[in-house]
Structures are given as C-alpha cells and as structure tokens.
Amino acid sequence: MKNIFIIGSKGIPSNYGGFETFVEKLTEGKVSEEIKYHVSCLAKDNEQFYHNNARCFNVNVPNIGPAKAVYYDIMALKKVLMYIEENNINNAIIYILACRIGPFLGKYKKKARKLGAKIFVNPDGHEWKRAKWNAFIRQYWKLSEKLMVKHANLLICDSKNIEKYIKDDYEKYNPNTTFIAYGAETSKSMLNDDSEELVNWYSDKGLKKKEYYLVVGRFVPENNYETMIREFMKSDTKKDFAIITNFEKNKFYEELKERTGFENDSRIKFVGTVYNQELLKKIRENAYGYFHGHEVGGTNPSLLEALATTDLNILLNVGFNKEVAEDGAIYFDKKKNNLAELINKADKLSEDEICVFSKKAKSRIDSEYTWELIIKRYENIFLNYKD
C-alpha cells in the first residue's frame with residue numbers, strides 16, 4: 001500500500017477552490033487499490049473523518065492574518081510526520097501544494113528522510129508576482145519558492161511554462177520535475193435553457209442567452225479586470241459583459257469604479273458569485289464569448305472550464321494560456337484598443353467560424369485535460385516514482 005499525504009489545500013469536501021477541487025477529483029476518481037490518500041483540512045477542530053475513502057485530518061490553527069496559511073502547512077506537515085512514525089509507514093509520499101513553507105522545509109525534510117518518506121511539491125504559479133502582496137511578502141514568496149525547489153524530491157508542475165521556469169531559474173539545484181496538468185469537467189450542464197434556476201438568474205441579472213460576454217475568477221488586479229473593462233467600454237458591442245466574482249466590500253472594486261467609470265456603462269454587469277456548479281456551467285455554455293485575463297500562474301482551472309464549455313474564448317496572450325488553448329481561442333494583448341477591436345470583430349464572426357473555435361477548444365480538453373487522464377498520470381507517478 002502506498003500512502004500519499006496531501007497538504008496545502010483547505011481540504012475536502014471541496015468548496016471549488018483550485019487545489020480543493022484537484023484533491024476532490026483525485027480522491028473521488030481513484031483507480032488503484034494500492035493507493036491510500038490522507039488529506040489535511042483547515043478546520044476549527046482536530047477531528048478525523050473519511051471522504052472519498054480518503055482519511056481526512058483536521059488542522060485547527062489560529063486566525064493570524066496572512067501567516068495563517070504558512071502556519072497551517074507547518075502544523076499539517078508535523079501531523080503527517082508524527083502519523084508516519086507512529087504507524088510505521090514505509091515509503092510514504094508527502095505532496096505539498098504551493099510554496100509557502102520553504103524556510104522551514106529543510107528541518108522537516110531531514111525527519112522525512114529518516115522515516116523513508118519523499119517530499120513532492122506543486123509549485124503552483126508565480127505567487128510572488130501577485131499585486132496584492134507588499135514588497136516584503138513578495139520577497140518571502142520568492143525565497144520560499146527557492147527553498148521548496150531545493151528540498152523537494154520531485155516538483156509536479158501543472159504547466160509546461162512553469163516547469164521550464166523552475167528548471168531555468170533554479171538550475172543550480174538541478175530540480176527533478178515532471179508535468180501533470182490540472183483537469184476539467186467536460187460534461188454538459190444538467191440544466192436546460194428553460195430550467196427555473198437559469199431563467200430566474202437571467203431575469204435577476206438582466207441577461208440573455210448568447211447576448212453576453214463572461215468572465216469568472218478571483219477579483220484581483222493581475223487578472224486584468226481593468227484592461228477588460230476599459231476595452232469593453234470602448235467597443236461597439238451591444239452585448240453585455242457579465243462579471244462573476246466576489247466584488248462586495250472589495251477595495252479594488254471601488255478603485256476600478258473611480259478609474260474607469262464603468263457604472264455609467266449599462267453593459268458592464270457585476271453579478272456576484274454563483275456557487276451552484278450546474279448553473280455556472282450553463283451560464284458558461286450560453287455566453288457568447290469568454291474573457292480570460294490571467295497572467296500569473298500555471299494551468300488555470302477557470303480557463304480549462306471555459307474551453308470545455310464556452311464556444312468562443314478570448315484570452316490574454318501569455319505563455320500559460322497559449323500552452324493550454326493553442327489554436328482553440330482568440331488572443332488579445334494589453335495595448336490600447338487591441339481588445340476593443342477584437343470584440344468588434346468577434347461580434348461579426350459567423351456561427352460556423354465560432355463552431356471551429358469551439359471544436360478545437362473542446363478537442364484540447366478531451367485530449368489533454370480530462371480528470372481521468374490527470375488521475376492516471378498522478379497514480380503512475382505515486383506508484384512508480386524512483387529517486
């Protein structure tokens with residue numbers, strides 16, 4: 001039996017965060033009987049329970065601001081090492097999601113080595129580039145990433161661009177890396193166009209099928225909301241721009257309003273969050289087009305979901321996005337008027353032209369990004385890894 005300990009996500013059952021969904025799908029879709037998963041869960045107690053046949057162990061940490069995630073990972077790692085030792089587990093794998101605890105990992109790596117355990121790390125994206133962090137926190141993230149790379153037995157990158165960056169930037173450590181992408185749901189929504197949930201949502205938000213462009217994602221500056229909103233306002237489209245994000249009580253929202261004056265353009269519609277996943281999938285399917293402005297990170301879950309569901313995808317022209325979508329999307333850059341002109345052209349595309357983009361996008365997901373394929377690759381690594 002191969003014991004795989006996963007730390008760094010908030011835990012399962014998932015609330016549809018990126019890492020949480022990954023752990024949910026990985027455990028839910030487990031094929032091999034030779035694998036046993038153990039998953040750390042951020043909680044207000046230290047209980048243990050089972051979900052998807054995985055042993056889930058709660059880790060209770062105080063609310064200490066930005067350092068909470070670092071403390072959570074350290075406490076989870078300590079619990080894992082204690083469990084391995086107390087249960088005489090041989091040849092365990094500890095899979096750490098994200099690079100939060102680099103300065104502390106050397107100490108725990110020594111203990112893991114004594115117990116015969118290997119440390120795998122998912123470096124995620126360029127967390128140190130995120131605009132929300134001040135200079136000190138960015139420096140910490142970069143240092144932490146460097147030390148995680150140094151101490152990991154294996155780095156599993158969910159983007160080929162991230163893998164290349166790790167190999168190039170940390171060449172002196174000769175990092176051992178592999179590429180396994182993130183997965184996507186490829187099934188159609190169970191809702192139809194006259195489902196009550198959809199009809200009510202459209203009525204409430206003032207939207208109609210194929211009469212809106214869409215974006216779904218975290219409301220942070222590096223996802224280029226300002227560029228998308230400014231350019232949309234300059235375009236001639238009669239369609240709406242529906243923005244599904246948690247914008248309430250968000251300082252960035254007020255700053256954007258002041259800088260762009262979007263509240264004076266009735267096409268720009270901040271519509272809040274949608275937690276009903278079938279409804280969200282149907283909203284994606286019915287969008288005329290999907291904007292994706294992410295430029296920090298690896299294979300982004302919301303991009304995969306858009307390619308799997310929305311017919312026309314308009315993506316920021318960066319390596320991460322082109323690697324995933326290839327010729328199944330249209331690309332924009334941040335130059336003045338570039339996206340506005342693309343929107344005007346997109347409005348004039350024929351159904352046949354949009355259908356070609358849609359088929360190419362779905363083909364990319366079906367060939368490289370299904371959860372079945374991702375799970376198979378992970379299980380192969382977990383079962384057959386050799387130093």
Side-chain angles (χ1 to χ4, degrees), residues 9 14-29 97-98 122-126 156-163 178-189 213-218 220 222-224 228 243-245 273-287 289-332 354 357-378:
S9 79
S14 82
N15 288 316
Y16 301 102
F19 277 141
E20 291 72 38
T21 299
F22 161 70
V23 180
E24 182 80 48
K25 295 295 181 183
L26 188 68
T27 54
E28 180 184 68
L97 306 175
N122 185 314
D124 199 15
H126 295 315
I156 302 178
C157 306
D158 67 16
S159 157
K160 290 174 185 173
N161 275 260
I162 287 290
E163 184 179 26
T178 191
F179 162 67
I180 306 179
Y182 192 86
E185 287 285 358
T186 56
S187 60
K188 288 275 193 185
S189 172
Y213 288 87
L214 178 69
V215 68
V216 181
R218 284 196 302 170
V220 290
E222 61 267 20
N223 289 350
N224 287 294
M228 293 186 289
I243 302 170
I244 295 182
T245 192
T273 49
V274 178
Y275 293 114
N276 178 331
Q277 293 305 297
E278 291 301 318
L279 175 58
L280 182 57
K281 195 184 287 188
K282 193 65 181 173
I283 293 166
R284 289 180 184 277
E285 289 171 11
N286 282 354
Y290 185 87
F291 297 131
H292 186 76
H294 292 50
E295 64 178 322
V296 175
T299 302
N300 186 270
S302 65
L303 171 57
L304 295 179
E305 288 160 6
L307 293 171
T309 53
T310 310
D311 291 326
L312 181 64
N313 289 277
I314 303 169
L315 319 180
L316 182 65
N317 191 0
V318 293
F320 304 116
N321 297 336
K322 292 201 81 168
E323 168 193 328
V324 176
E326 292 186 345
D327 60 352
I330 298 170
Y331 295 93
F332 72 93
I354 291 174
F357 279 114
S358 181
K359 283 180 178 175
K360 286 180 177 178
K362 310 300 175 280
S363 177
R364 283 293 294 152
I365 299 298
D366 288 338
S367 64
E368 295 294 332
Y369 296 98
T370 65
W371 280 116
E372 290 79 10
L373 185 61
I374 304 310
I375 290 165
K376 182 179 178 182
R377 289 175 178 167
Y378 264 102

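Just so it is clear, the values below take in all heavy atoms, side chains as well, and ignore hydrogens, waters and symmetry mates. Nothing fancy with the numbering, it's 1 onward along the sequence.
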Report task. Report the C-alpha distance between Asn224 and Glu295 in whole Å, list the side-chain angles of each, state the deciding distance to 0.1 Å, and finish with yes or no for side-chain contact (heavy atoms from CB on, under 4.5 Å). Result -> CA-CA 8 Å; Asn224 287 294; Glu295 64 178 322; 3.1 Å; yes

**Report entry** Intermediate values then yes/no, salt bridge (charged side-chain N to carboxylate O under 4.0 Å, His left out), Glu368 and Arg377
**Finding:** CA-CA 11 Å; Glu368 295 294 332; Arg377 289 175 178 167; 3.6 Å; yes

Report task. Tell me, with the steps shown, if Tyr290 and Leu312 meet side-chain contact (heavy atoms from CB on, under 4.5 Å). Result -> CA-CA 6 Å; Tyr290 185 87; Leu312 181 64; over 6 Å; no

Requested in this report: With salt bridge (charged side-chain N to carboxylate O under 4.0 Å, His left out) as the test, would you mind laying out the steps for Glu285 and Lys282 before giving the verdict?
Outcome: CA-CA 5 Å; Glu285 289 171 11; Lys282 193 65 181 173; 3.6 Å; yes

Requested in this report: Could you walk me through whether Phe320 and Leu303 pass the side-chain contact (heavy atoms from CB on, under 4.5 Å) test, one step at a time?
Outcome: CA-CA 10 Å; Phe320 304 116; Leu303 171 57; over 6 Å; no

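Of the N and O atoms on the side chains of Lys362 and Ser358, at least one donor lies less than 3.5 Å from an acceptor on the other residue.
Looking at Lys281 and Ser187, their side chains come closer than 4.5 Å, going by heavy atoms from C-beta outward.
When every heavy atom of Ala325 is checked against every heavy atom of Arg364, the shortest pair comes out as O-CG, 3.8 Å. Contact between Asn223 and Met228 at its shortest, heavy atoms only, is O-CE, 3.4 Å. Minimum heavy-atom separation, Glu323 to Phe179: OE2-CE1, 4.0 Å. Nearest heavy-atom pair across Cys157 and Pro123 is SG-CG, 3.9 Å. Closest heavy-atom contact between Asn317 and Tyr331: CB-CB, 4.0 Å. The two residues Ala184 and Ile365 come nearest to each other via the heavy atoms CB-CG2, 4.0 Å.
With values rounded to the nearest 0.5 angstrom, Ile180 atom CD1 is found 7.5 Å from Ile374 atom CD1. A distance of 10.0 Å separates CG of Leu307 from CZ of Arg284, quoted to the nearest 0.5 Å. To the nearest 0.5 Å, the span separating CD on Glu278 from CD1 on Ile283 amounts to 11.5 Å. Rounding to the nearest 0.5 Å gives a distance of 12.0 Å between OG1 of Thr178 and CG of Asp158. Distance check, rounded to the nearest 0.5 Å: OG1 of Thr273 to CD1 of Ile244 gives 9.0 Å. Taking OH of Tyr378 as the reference point, atom CG of Leu373 lies at 12.0 Å (rounded to 0.5 Å).
No donor-acceptor distance shorter than 3.5 angstrom exists from the side chain of Thr310 to the backbone of Gly289, with no hydrogens or angles considered. Asp327 places no side-chain N or O within donor-acceptor distance of the main-chain N or O of Lys360, the cut-off being under 3.5 Å. Between the Asn321 side chain and the Leu316 main chain, a donor and an acceptor come within less than 3.5 Å of each other.
The side chain to side chain contact (heavy atoms under 4.5 Å, CB included) test with Lys25 is passed by exactly one of Thr27, Thr21, Val23: Thr21.
Between Tyr182 and Phe22, the two ring planes are tilted [angle within 30° to 60°].
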